[in-house]
Visitor: 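The structure's right below; bear with me while I get my questions together.
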Amino acid sequence: MTPVQCRMARAALDWGVLDLAREAGVSTQTVVRLERGETLKQPTLDRIREAFEDAGVEFIPANGGGLGVRLAKRP
């Protein structure tokens, strides 16, 4: 997950930094550091990504069209 993907995912969910921090169980400063492009420990990134995925975000890898995110279809 890149800083841009993090911001895109928050926008898709209409989440602020505080919302993401609460859902992922991290500090708001951690989210800010991620979005500034600072390096975080892998377990922290995993928690943030898991929070997004639990909320329905799918991360799209670079596949010729560039990195991205989308909201998953819900049954």
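Residues: numbered from 1 along the sequence shown. Here the structure is a predicted model, which means the values were calculated and not measured.
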Visitor: Taking the side chain as everything from C-beta on, heavy atoms only, tell me whether I60 gets closer than 4.5 Å to R70.
Guide: yes
Visitor: Do you know the tightest heavy-atom contact between R10 and V17?
Guide: NH1-N, 3.4 Å
Visitor: So which heavy atom on R7 is nearest to which on E35, and how close?
Guide: NH1-O, 2.8 Å
Visitor: Just to verify, which of T44, I48, T2 counts as forming a side chain to side chain contact (heavy atoms under 4.5 Å, CB included) with L34?
Guide: I48
Visitor: With clusters defined by side-chain heavy atoms of hydrophobic residues (ILVMFWY) lying less than 4.5 Å apart, directly or transitively, does M1 cluster with L71?
Guide: yes
Visitor: Write down the atom of P3, the atom of G37, and the distance for their closest heavy-atom approach.
Guide: CG-CA, 3.6 Å
Visitor: Can you run down the ring pair (Phe, Tyr, Trp, His ring centres under 6.0 Å) pairs that involve residues 9-29, sequence neighbours left out, and say none if there aren't any?
Guide: W15-F52
Visitor: Can you give me the closest heavy-atom contact between G68 and M8, atom names plus distance?
Guide: CA-CE, 3.8 Å
Visitor: With distance as the sole test, does R33 use its side chain to make a donor-acceptor pair with the main-chain N or O of L40 at under 3.5 Å?
Guide: no
Visitor: Given side chains that start at C-beta, do those of C6 and L20 come closer than 4.5 Å, heavy atoms only?
Guide: yes
Visitor: Closer than 4.0 angstrom, basic N to acidic O: yes or no for D19 and R22?
Guide: yes
Visitor: Are L67 and L13 connected into the same hydrophobic cluster when the rule is that any two of I, L, V, M, F, W, Y join if their side-chain heavy atoms are below 4.5 Å apart?
Guide: no
